[in-house]
> 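There's a structure below that I have some questions on.
In what follows, residues are counted from 1 in the order of the sequence shown.
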Amino acid sequence: DAFRQAVLVEARAKKRLEKVLDIVRKDLDLARRQSRAKTQTEEKVSKEQRQAMLTAQMHAIMRELGIDKDEKQVLVAKFRDAVGNKVLPPEASKVLEAELAKLGMLEPASSEFSVCRTYLEWLTAVPWGQYTEENRDIKHAEKVLDEDHYGLEDVKERILEFIAVSFLKDSVQGKIMCLAGPPGVGKTSIGKSIARALDRKFFRFSVGGMHDVAELRGHRRTYVGAMPGKMIQCLKMTESSNPVILIDEIDKLGRDFRGDPSSAFLEILDPEQNSNFRDHYLDVPVDLSRALFVCTANVTDTIPGPLLDRMEVIRIAGYVFEEKLAIAKDYLIPQTGEQSGVDPANLELTDEALRKMIADYAREAGVRQLRKLLEKVNRKVALKMVRQKEEQETQEKTVVGLDNLAQFIGQPPHLSHRLYSGCAPPGVVMGLAWTQLGGASLFIEAIGHGRPGSCEAAGGIEFVTNDAGGKKKEPHDWPVEDRGRKGTDGHGGGGSMKVTGQLGEVMSESSQVSLTYAQLFMRELKVGNRYLEETLIHLHVPEGSVPKDGPSAGITMASALLSLALKAPIVQDLAMTGELTLSGNVLRVGGIKEKVIAARREGAKTLVLPRLNESDFLELKDYLRVGITAHFVDHYDDVYRLAFDPSAVPPLPFAPRGLPMVTIKASAEAPDDLADEAKASSAGSDVAACAVWRCSAAVGSEAAALRARRIGA
């Protein structure tokens, strides 16, 4: 507009024509650009139209000739071929046909098409009616278990029984096996061995820390990115409807707002329900009854009761010294050498070094730490070999013995076998405990520090307690819980006790019961000793950084208190475990196998156990009982007679209460070949392995019959 206005106002003709010429040139240039763009667009569109038309014609010709098919028809044919040799249940077959019909009506460019296609891919990937043929040779199964694992005879026997029943019934319906034991004892590898023994596919997944139920049951298809749960994924990956499924760390399941996975396992692990397992994504019944489920756990206390009820727990206590020695020679040393690339010709580990490694470096129940130590030795030898090769030196054989073992794996973390290697002082008793890592020794220490003026209670020694300013404290200055109170019978009933060692609530209550009973027991001895009633007692359980709980240290605490009051040490090489009641009864405890293994490791030769645990002790293999004398007591009176030297303490003024004590003394010599001994024990060699006698002839016929069956008497 400005250019046109300039043309109109220009009076000179020549100038006016020049300005008109500029305007015409600009309009011509714009027209040329527009024409060029239009031409290019028309050429591109016509080319695409022509290509599309030719492509459509080509597809039409190919379809007429039977050479090409429609994309949707190809997918439908693919899905039908995927289920051609499978046996789908009626409901799954009906859903498949409906989804295929739906896929044929959808446009490939729509989002629903990809959702339907993904669903059909999962539905047709499930191995409907496809099973792996089992190896039904029980000798082959036994051979595989023996090849993969040393010892564990009772565990192998139970697994073989389970396999034998499945062979006879042609079904694995029944109890679900749960392998419970400390870390490193071979729970996961046992599951692999079961699959190899049966020639089945193996699938493992860990549920430790799992919170979302959708990981088991899948997501519903309404969610973006939905997919089936672990069960359907397992069947797809193994391409079999009867795999061995190992559910690892089932005792560490989580629970939050997203659901409770343990509730989902109630259906998965129930033989009566898992034949119609329904995944949220597929939403059709899937048969899981032919799959063999094996669970692993460190403890069973954290497994919900209804879920634990569906399992048959097989406990793996751990390995003793002789078993670790054999496992290291037969399995760990060859495996670690092969993994590190170190040939046996380049490394020699002496028996003395291996024994020291097991005794002073790897005392855990399993063999995982032992494997790490052997791997460390192999790595150092591998580094030495590479350096010699680069320097073109002659590679010499490395010998690891007692003199240079510390150079390879450092100093031993366990410098002594016991907290008290010799005879323990009064007030110290060795107990036995069960932990998630296996059995362990548990020393109880008790010491007394008297109140002002309690010379009699302290045996003539007055303990003077001063405050921060050096002023002697009077009785009224003591804390309320530390002041002595007179009992109703005129005796001091105010003896108090401080307990340390990071004890749990149950163990703290057990210490209170032990103090009360120890005070009553001292009165029953009628020796006029009021030490426990008038003295401040400090009871400590060493290794304060380790949490401890449970009632099984009851008789151990009571014995420590009595040992302190009587100033008499406990008999050397004696360990005990058992729950104590206020009436003096000794109740049954768990983990006997783990505790016996811990006693052997600590060198304890005499054990005091609850009478109700006698059957648990007799079920142990002979090599675990070698050199151990076990006393089974029903009342603390027998514990008192066993724990103290009769010449150092007052005798019981009455006959022992409770049922008669039972003593089982095993042979003192270990078998030459541990494997042969283990096989002999399974054949019923208990008669030669132990002798049983009783302190009284008053024995119930039912208990005698049970014991006769146990020992073959």
> Please indicate whether Glu524 has more than 12 foreign heavy atoms, meaning atoms of other residues, nucleotides or ligands, lying under 6.0 Å from its CD.
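Counting neighbours around CD of Glu524, more than 12 heavy atoms of other residues, nucleotides or ligands fall under 6.0 Å, so yes.
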> What closest approach, in Å, do Glu579 and Val589 show between heavy atoms, and which atom pair accounts for it?
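Looking at all heavy atoms of both residues, the shortest contact is N-CG1, 3.7 Å.
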> May I ask you to decide if Asp251's main-chain N or O and Thr302's side chain share a donor-acceptor pair within less than 3.5 Å?
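Yes: the side chain of Thr302 pairs with the backbone of Asp251.
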> With Phe632, which residues qualify under ring-ring contact (aromatic ring centres under 6.0 Å, His included), at least two apart?
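Partners of Phe632 under the ring-ring contact (aromatic ring centres under 6.0 Å, His included) test: Phe617.
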> Is Glu543 close to Leu442 at the side-chain level, that is, under 4.5 Å between some pair of heavy atoms?
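They are not in contact (no side-chain heavy atoms under 4.5 Å apart), so the answer is no.
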> Side chain of Asp634, backbone of Arg611: donor and acceptor closer than 3.5 Å?
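Answer holds: no.
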> I would like to know whether Asn585 and His635 meet side chain to side chain contact (heavy atoms under 4.5 Å, CB included); could you show each step before the answer?
CA-CA 4 Å; Asn585 292 324; His635 196 274; 3.6 Å; yes
> Answer whether the closest heavy-atom distance between the side chains of Met557 and Met507 falls below 4.5 Å.
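The answer is yes; the side chains approach within 4.5 Å.
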> Could you grab the distance from atom CD of Glu602 to atom CG of Asp573, nearest 0.5 Å is fine?
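Glu602 atom CD to Asp573 atom CG measures 11.0 Å (nearest 0.5 Å).
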> Run the side chain to side chain contact (heavy atoms under 4.5 Å, CB included) check on Val596 and Ile628 step by step: do they pass?
CA-CA 9 Å; Val596 171; Ile628 291 180; 4.0 Å; yes
> Could you go step by step and tell me if Glu594 and Arg315 meet the salt bridge (Lys or Arg N to Asp or Glu O under 4.0 Å) rule?
CA-CA 10 Å; Glu594 291 87 347; Arg315 299 193 179 275; 5.8 Å; no
> Determine, stepwise, if the pair Asp638 / His631 fulfils side chain to side chain contact (heavy atoms under 4.5 Å, CB included).
CA-CA 9 Å; Asp638 292 321; His631 303 278; over 6 Å; no
> Donor-acceptor pair, Asn613 side chain versus Ile592 backbone, under 3.5 Å?
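Not confirmed, Asn613 side chain does not pair with Ile592 backbone.
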> For the side chain of Glu445 and the backbone of His540, is there at least one donor-acceptor N/O pair under 3.5 Å apart?
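No, the answer is negative, given that no donor and acceptor are paired below the 3.5 Å cut-off.
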> To the closest 0.5 Å, what do you measure between CZ (Phe443) and OG1 (Thr556)?
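Here the interatomic distance stands at 11.0 Å.
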> Within a strict 4.5 Å, meaning less than it, do heavy atoms of the Leu564 and Thr535 side chains meet?
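Result no, sub-4.5 Å side-chain heavy-atom pair not found.
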> Among residues at least two apart in sequence or on other chains, which ones pass side chain to side chain contact (heavy atoms under 4.5 Å, CB included) with Leu612?
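Per chain and number, Leu612 pairs via side chain to side chain contact (heavy atoms under 4.5 Å, CB included) with Arg588.
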> Would the distance check show the side chain of Lys548 and the main-chain N or O of Gly501 forming a donor-acceptor pair, the cut-off being under 3.5 Å?
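Yes.
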> Any side-chain heavy atom of Leu307 within less than 4.5 Å of one from Ile250?
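Touching, per the 4.5 Å side-chain cut-off.
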> Would the distance check show the side chain of Lys187 and the main-chain N or O of Gly181 forming a donor-acceptor pair, the cut-off being under 3.5 Å?
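Confirmed, Lys187 side chain pairs with Gly181 backbone.
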> Does Ser514 use its side chain to pair, donor to acceptor, with the backbone of Gly554 at less than 3.5 Å?
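Checking the backbone N and O of Gly554 against the side chain of Ser514, a donor-acceptor pair under 3.5 Å is found.
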> Verify, without hydrogens or angle tests, whether Arg600 (side chain) and Val626 (backbone) share a donor-acceptor contact under 3.5 angstrom.
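Yes.
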> Is there a donor-acceptor pair closer than 3.5 Å between any side-chain N or O of Thr296 and the backbone N or O of Glu249?
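Flag set: sc Thr296 to bb Glu249 pair under 3.5 Å.
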> Does Leu587 have more than 12 heavy atoms from other residues, nucleotides or ligands lying within 6.0 Å of its CG?
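Count over threshold, so yes.
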> For the pair Arg625 (side chain) and Leu620 (backbone), establish whether a donor and an acceptor sit closer than 3.5 Å, ignoring hydrogens and angles.
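Yes; judged by distance alone, with no hydrogens or angles, the pair exists.
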> How long is the gap from CD on Glu619 to NZ on Lys593, to the nearest 0.5 Å?
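Output value for this atom pair is 10.0 Å.
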> So how far is it from Gln512 CD to Glu509 CD, rounded to the nearest 0.5 Å?
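Answer for the CD-CD pair, Gln512 versus Glu509, is 6.5 Å.
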> Rounded to the nearest 0.5 Å, how far apart are OG1 of Thr300 and CE of Met311?
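That separation rounds to 10.0 Å.
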> Distance check, rounded to the nearest 0.5 Å: Lys567 atom NZ versus Leu562 atom CG?
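The distance works out to 12.5 Å.
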> Is the closest side-chain heavy-atom distance between Val513 and Thr581 below 4.5 Å?
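A side-chain contact is absent here, since even the closest heavy-atom pair is not under 4.5 Å.
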> Do Lys621 and Glu323 pass the salt bridge (Lys or Arg N to Asp or Glu O under 4.0 Å) test, and can you show the C-alpha distance, the side-chain angles, and the key distance before you say yes or no?
CA-CA 12 Å; Lys621 298 300 179 182; Glu323 290 177 322; over 6 Å; no
> Please determine, by modelled atom types, if Tyr636 and Ser559 share a side-chain donor-acceptor pair under 3.5 angstrom.
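A pair is found: one side chain offers a donor N or O, the other an acceptor, under 3.5 Å apart.
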